[in-house]
Amino acid sequence: MPDLRPHEVLISADQIQRRVRELAHEIRRDFPDGLHLVAVLKGAFIFLSDLIRHMNGEVSLDFMAVSSYAKGTTTSGEVRLLKDLDTTLEGKNVVIVEDIVDTGLTLMYLQEILRARGPKALRTACLLSKPSRRAIDVKIEYIGFTIEDRFVVGYGLDYAEQYRNLPHIAVVGS
Ligand code: IMP
Ligand code: MG
């Protein structure tokens, strides 16, 4: 049996906090007025809550939920919309807030359905990116950290719904 408990801190809580603050300022600089953040549940909820606390001025939020992984650590390639937005995106400056981009299939799907709703701008912020795993070339304007192909948990990310509460990013498995 492989050991699937977190065994190595990859990114410390301090490193995350510093980078999230930089990203928040960068996004705010690009969209000083209207800004509408769409967070992807459940993984992005902690990233979103830290991001918005570093933003001055007006910012509105909405949530979507999709499922791309079943229970394990490999992708099925299939994306399902589990919860849709509450409000329209028409004419808004929208930034999708994601926890991690792996194959890119989830994000590509989200960008396509959200773009069809007529936002003024549509960009993406992700905390983590694993470029070596990419199956499609998806555009990401704001990336927190680029990481190797390892399965990570913490700061909102889970393995079988556990470890979202860790304040840092840790590796599970090999
Ligand atoms: P993608 O569609 O392959 O890019 O997968 C994106 C989704 O898979 C993310 O939003 C996560 O929910 C999940 N995921 C991918 N890699 C990891 C990981 O290392 N840890 C936890 N979840 C992950
Ligand atoms: Mg996710």
Side-chain angles (χ1 to χ4, degrees), residues 1-13 15-17 19-20 23-24 27 36-52 61-85 89 94-116 122-174:
M1 276 286 282
D3 184 1
L4 291 175
R5 282 170 306 178
H7 59 81
E8 179 192 332
V9 176
L10 192 65
I11 309 171
S12 72
Q15 283 175 288
I16 296 173
Q17 292 305 322
R19 186 68 187 124
V20 169
L23 287 175
I27 296 169
H36 187 66
L37 300 179
V38 169
V40 185
L41 295 172
K42 300 171 208 167
F45 81 108
I46 295 182
F47 179 34
L48 174 81
S49 70
D50 281 345
L51 258 187
I52 58 170
L61 311 176
D62 208 341
F63 295 92
M64 288 186 103
V66 294
S67 121
S68 45
Y69 277 18
K71 265 206 194 100
T73 61
T74 52
T75 184
S76 61
E78 185 192 320
V79 182
R80 276 193 308 142
L81 182 58
L82 302 178
K83 182 215 172 293
D84 205 342
L85 298 173
L89 300 184
V94 175
V95 176
I96 301 171
V97 179
E98 249 292 29
D99 52 359
I100 185 165
V101 181
D102 187 37
T103 64
L105 293 169
T106 308
L107 183 58
M108 184 63 87
Y109 168 82
L110 284 171
Q111 289 181 348
E112 273 168 16
I113 62 170
L114 298 187
R115 196 172 293 115
L122 182 67
R123 294 195 184 177
T124 301
C126 70
L127 181 73
L128 304 171
S129 172
K130 290 187 207 171
S132 65
R133 293 260 311 156
R134 215 64 102 237
I136 28 176
D137 188 19
V138 65
K139 197 165 168 201
I140 313 168
E141 286 81 3
Y142 312 99
I143 297 177
F145 302 90
T146 295
I147 63 169
E148 316 254 285
D149 178 16
R150 303 174 84 186
F151 199 84
V152 292
V153 295
Y155 197 73
L157 288 99
D158 74 306
Y159 171 69
E161 291 302 325
Q162 292 303 311
Y163 312 122
R164 296 192 195 274
N165 52 316
L166 299 176
H168 54 263
I169 297 290
V171 179
V172 298
S174 51

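In listed order, ligands and their atoms are each counted from 1.
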**Report entry** Distance-only N or O hit between ligand 1 and Val101, under 3.5 Å
**Finding:** no
Report task. Just jot down the ligand 1 atoms closer than 4.0 angstrom to any heavy atom of Glu98, in number order. Result -> 10 (O)
Requested in this report: Taking all non-hydrogen atoms of both residues into account, name the closest pair between Ile16 and His168 and its distance.
Outcome: CD1-CA, 3.9 Å
Report task. Without swapping roles, check the side chain of Arg19 against the backbone of Ile143 for a donor-acceptor pair under 3.5 Å. Result -> yes
**Report entry** Numbered atoms and elements of ligand 1 in range of Asp158, under 4.0 angstrom, heavy atoms
**Finding:** 21 (C)
Report summary line: dist Asp102:CG -> Leu128:CG (nearest 0.5 Å) comes out at 10.5 Å
Query - 4.0 Å heavy-atom contact, Leu107 with ligand 1 - result: no
**Report entry** Under 4.0 Å to a heavy atom of Arg150 - the qualifying atoms of ligand 1, by number
**Finding:** 19 (O)
**Report entry** Per-atom contacts of ligand 1 with Lys130, taking only distances under 4.0 Å to non-hydrogen atoms
**Finding:** 16 (N), 17 (C), 18 (C), 19 (O)
Query - Under-4.0 Å heavy-atom contact with ligand 1, by part of Thr106 that carries it - result: both
Query - Element-labelled atoms of ligand 1 that are located less than 4.0 Å from some non-hydrogen atom of Thr103 - result: 1 (P), 2 (O), 3 (O), 4 (O)
Requested in this report: Check whether any side-chain N or O of His7 sits under 3.5 Å from a backbone N or O of Gly173 as a donor-acceptor pair, and report yes or no.
Outcome: yes
Requested in this report: Give the single entry among Tyr109, Tyr159, Tyr163, Phe151 that approaches atom 22 (N) of ligand 1 most closely by any heavy atom.
Outcome: Phe151
Query raised in the report: Taking the non-hydrogen atoms of Met108, is any one of them nearer than 4.0 angstrom to ligand 1?
Result: no
Query raised in the report: What pair of heavy atoms forms the shortest contact from Val152 to Leu157, and how long is it?
Result: O-CB, 4.0 Å
Report summary line: Closest heavy-atom pair, Leu4 versus Val172, reported as atoms and distance to 0.1 Å, is O-CG1, 3.8 Å
Query raised in the report: Do any heavy atoms of Val66 fall under 4.0 Å from ligand 1?
Result: no
Requested in this report: Have a look at Val171 and tell me which of Leu10, Val9, Ile147, Val153 forms a side-chain contact (heavy atoms from CB on, under 4.5 Å) with it.
Outcome: Leu10
Query - Proximal ligand 1 atoms for Leu157, defined as those under 4.0 Å from one of its heavy atoms - result: 20 (N), 21 (C), 22 (N)
Query raised in the report: Just by modelled atom types, is the Ser12 backbone N or O under 3.5 Å from a matching donor or acceptor in the Gln15 side chain?
Result: yes
Query raised in the report: Within a reach of under 6.0 Å around CD of Glu148, are more than 12 heavy atoms found that belong to other residues, nucleotides or ligands?
Result: no
Requested in this report: Run the contact test for Val153 against ligand 1 with a 4.0 Å cut-off on heavy atoms, strictly below, and give the result.
Outcome: no
Requested in this report: Tell me which part of Leu128 gets within contact of ligand 1: side chain, backbone, both or neither, using heavy atoms under 4.0 Å.
Outcome: neither
Query raised in the report: Is Gly104 close to ligand 1, meaning an N/O of one under 3.5 Å from an N/O of the other?
Result: yes
Query raised in the report: Does Arg133 approach ligand 1 within less than 4.0 angstrom via side chain, backbone, both or neither, non-hydrogen atoms only?
Result: neither
Query - Spatial distance of atom CG (Asp62) from atom NZ (Lys83) [nearest 0.5 Å] - result: 5.5 Å
